[in-house]
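Notes follow once the structure below has been shown.
Both ligands and their constituent atoms are indexed starting at 1 by order of listing.
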Amino acid sequence: MVASGPQAQTVRADAAVIGGGVIGHSIAWELQRTGRKVVLIDDAPGTGASWAAAGMLAAVSEYHYQEEELLDLMVESAGLWPGFVKVLAQNAASATGYRTTPTLTVGASAADRTALLDLRRVQVERGLGVEPLTIREARSREPLLSPGISCALDTPGDHQVDPRLLVAALREALGRHQGGGTAVEGALHGFALPDRAAALIHDGGRIAGVRLSGGGEVLAAETIVANGLQAGDLAGLPEGLALPLRPVHGDILRLRVPEHLRPLLTATIRGLVHGVPVYIVPRTDGTVVIGATQREDRLAGTGSGGTASGTATPMAWTAVSAGGVYQLLRDAQQLVPAVAELELLEATARARPATADNAPLLGRVGSAAGDIPGLIISTGFFRHGVLLAPVAARICRELADGEPDPRWAAFRPDRFSGDRPPPAAARPSRHFPLEHQESR
Ligand SMILES: Cc1cc2nc3c(=O)[nH]c(=O)nc-3n(C[C@H](O)[C@H](O)[C@H](O)COP(=O)(O)OP(=O)(O)OC[C@H]3O[C@@H](n4cnc5c(N)ncnc54)[C@H](O)[C@@H]3O)c2cc1C
């Protein structure tokens with residue numbers, strides 16, 4: 001390290017990871033376990049979309065018509081989850097909230113039933129495990145489900161994790177491996193640099209690191225751009241590279257279940273209520289998460305957090321929509337009437353980093369001379385960033401090792417750039433019935 005004052009600090013590392021959401025932390029952890037020295041740059045880690053996420057690992061339930069490559073990626077990642085949490089548990093005492101409880105999908109109306117059974121036909125054609133239950137079977141498993149539901153489907157392979165706990169556990173593991181969280185290099189705390197990335201540093205034809213808004217720099221063999229929606233704002237991105245990210249806002253609620261109603265549910269409930277999706281995710285701590293709206297409005301935030309209960313998150317502020325909260329509580333109560341008796345703890349909103357084809361921007365970036373060395377992009381995870389974290393981490397590690405898996409070339413981040421013909425994953429897709437874009 002060369003340092004001539006805090007503003008001019010130069011840190012050298014094997015890998016610089018820009019962005020400390022669930023994606024950046026997972027990549028940093030995977031790279032660190034190969035023996036690399038990793039620096040993770042974020043002055044507000046864990047406060048972006050990852051702060052809001054329900055943590056459903058729903059490769060099957062989140063399948064959308066015609067998104068076949070994305071389905072492959074989701075299924076691959078779902079298969080990595082048990083090993084991912086096992087290794088993490090060996091390196092961090094903090095729990096992750098990972099649970100292998102199943103998901104039940106239920107409909108409210110006859111039309112919801114038709115839509116869900118149509119979707120199931122396609123899911124089964126793709127080899128995905130979704131089994132119909134009678135209403136009686138569903139209610140014997142989940143007695144607080146409304147007797148008025150129109151159908152129930154069991155998806156045993158869709159599980160859950162608690163994203164806030166997960167990020168905390170990843171930070172603990174990263175800290176244990178590299179400096180234990182102590183100030184080892186000026187502003188660098190172990191693996192963590194609480195600063196913002198301002199610009200990529202170019203050195204000839206390669207990316208050599210990142211310049212920080214605080215004045216310092218990180219020089220690294222690999223720079224991984226994993227700062228979610230803000231990825232396109234970095235100065236010095238390769239010329240002509242378009243990272244077309246757009247915010248899709250979501251409102252989400254956290255509620256406490258009173259003792260006499262516990263457990264409210266044992267499975268995650270995903271519902272379709274007159275065409276509008278809603279889900280209820282039960283946690284082990286006696287709370288449930290109810291989400292999530294999807295809106296592309298520009299409801300301005302005027303507070304200090306995007307969390308109605310007041311957690312301060314300066315950069316990620318998204319206003320909570322009153323209509324969104326109303327809709328979530330209304331629809332969740334229709335499926336599980338006892339929701340009306342819960343204590344509302346928190347209403348949060350965040351923006352999902354979405355792309356035109358709903359698939360991530362993940363991989364290296366091409367130039368006339370071939371792929372640009374030293375640069376990996378990993379963003380645009382939209383509704384699936386928690387589910388996809390282990391596979392994103394593995395793909396970045398394979399790229400850093402010089403052993404890219406050709407199966408994932410369809411997700412190249414430069415697929416929207418220049419005159420390149422869009423690969424298969426960039427085909428426009430039809431939304432499936434649970435994908436309801438609401439305008440509230
Ligand atoms: C309401 C809601 C519910 C969701 N539910 C689920 C779910 O059940 N399952 C699922 O798989 N996914 C879910 N998602 C999607 C998931 O949350 C996202 O896909 C995922 O969190 C994206 O992670 P990320 O690390 O890319 O981005 P983020 O979590 O947004 O993290 C980006 C980080 O980059 C940092 N940053 C920004 N700019 C800079 C800079 N210049 N320098 C340094 N750092 C910077 C920010 O501070 C932030 O910490 C949900 C999303 C929402 C909004």
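Set against the non-hydrogen atoms of G46, the atoms of ligand 1 under 4.0 Å away are 49 (O). Listed by number with element, the atoms of ligand 1 under 4.0 Å from a non-hydrogen atom of F382 are 15 (C), 16 (C), 18 (C), 19 (O). For ligand 1, the atoms sitting less than 4.0 Å from at least one non-hydrogen atom of V22 are 21 (O), 23 (O), 25 (O), numbered in the order shown with element in parentheses. For ligand 1 and F381, the ligand atoms under 4.0 Å from any heavy atom of the residue are 19 (O). Under a 4.0 Å criterion applied to the non-hydrogen atoms of A53, ligand 1 contributes the atoms 3 (C), 4 (C), 5 (N), 6 (C), 13 (C), 14 (N), 17 (O), 50 (C). Annotation for ligand 1: atoms under 4.0 Å from non-hydrogen atoms of A54 are 3 (C), 4 (C), 5 (N), 6 (C), 8 (O). Ligand 1 places these atoms under 4.0 Å from at least one heavy atom of Q230: 37 (C), 38 (N). Of all atoms in ligand 1, numbered sequentially from 1 with element shown, those under 4.0 Å from a heavy atom of G55 are 7 (C), 8 (O).
By the 3.5 Å distance cut-off applied to N or O atoms, A292 is not counted among the residues near ligand 1. The shortest N or O to N or O distance between I18 and ligand 1 is not below 3.5 Å. Polar contact with ligand 1: present for L387 (N/O pair, distance under 3.5 Å). Backbone and side-chain nitrogen or oxygen atoms of A49 are examined, and one is located within less than 3.5 angstrom of a nitrogen or oxygen of ligand 1. The shortest N/O to N/O separation between R352 and ligand 1 does not fall below 3.5 Å. In terms of polar-atom proximity, A351 is not counted as a contact of ligand 1, lacking any N or O under 3.5 Å from an N or O of the ligand.
Nearest to atom 33 (C) of ligand 1 by heavy atom, out of L193, D42, V386, T318, is D42. When Q160, R196, M56, H384 are ranked by how near their heavy atoms come to atom 45 (C) of ligand 1, first place goes to R196. Of the options G21, G48, S50, the smallest heavy-atom separation from atom 29 (O) of ligand 1 is shown by S50.
Counting only heavy atoms from C-beta outward, the side chains of L70 and D357 never approach each other to under 4.5 Å. Contact annotation: the side chain of P413 approaches that of L243 to within less than 4.5 Å [non-hydrogen atoms, C-beta and beyond]. By the 4.5 Å heavy-atom criterion applied to side chains, I201 and L219 are counted as neighbours. Side-chain contact between V320 and T348 is absent, with no heavy-atom pair separated by less than 4.5 Å.
Remark: side-chain polar atoms of D112 are paired, donor with acceptor, to backbone N or O of G275 under 3.5 angstrom. At distances below 3.5 Å, at least one donor-acceptor pair connects side-chain atoms of T355 with backbone N or O atoms of A359.
The closest approach between a heavy atom of T379 and any atom of ligand 1 is not below 4.0 Å. Taking a 4.0 Å cut-off on heavy atoms, A44 registers as neighbouring ligand 1. Ligand 1 lies less than 4.0 angstrom from a heavy atom belonging to Y279.
For residues 50-61, there are no salt bridge (charged side-chain N to carboxylate O under 4.0 Å, His left out) pairs, not counting sequence neighbours.
In this structure, a donor-acceptor pair under 3.5 Å is present between the side chains of R283 and Q160.
The minimum heavy-atom distance between A52 and I252, with the atom names listed, is O-CD1, 3.3 Å. The two residues L361 and P244 have their closest heavy-atom pair at CD1-CD, 4.4 Å.
Enclosure of atom CD in E239 is not indicated, since only 12 or fewer non-hydrogen atoms of other residues, nucleotides or ligands lie within 6.0 angstrom.
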Listing, residues 21-28 side-chain donor-acceptor contacts under 3.5 Å, not counting sequence neighbours, or none:
unit_1: H25; atom_1: ND1; unit_2: G20; atom_2: O; d: 3.1
unit_1: H25; atom_1: ND1; unit_2: G21; atom_2: O; d: 3.0
unit_1: H25; atom_1: NE2; unit_2: R171; atom_2: NH1; d: 2.7
unit_1: S26; atom_1: OG; unit_2: V22; atom_2: O; d: 2.7

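Remark: of the listed residues K37, R36, R364, R364 is the sole one forming a salt bridge (charged side-chain N to carboxylate O under 4.0 Å, His left out) with E222.
Under 4.0 Å from ligand 1, the heavy atoms of R383 that appear belong solely to its backbone.
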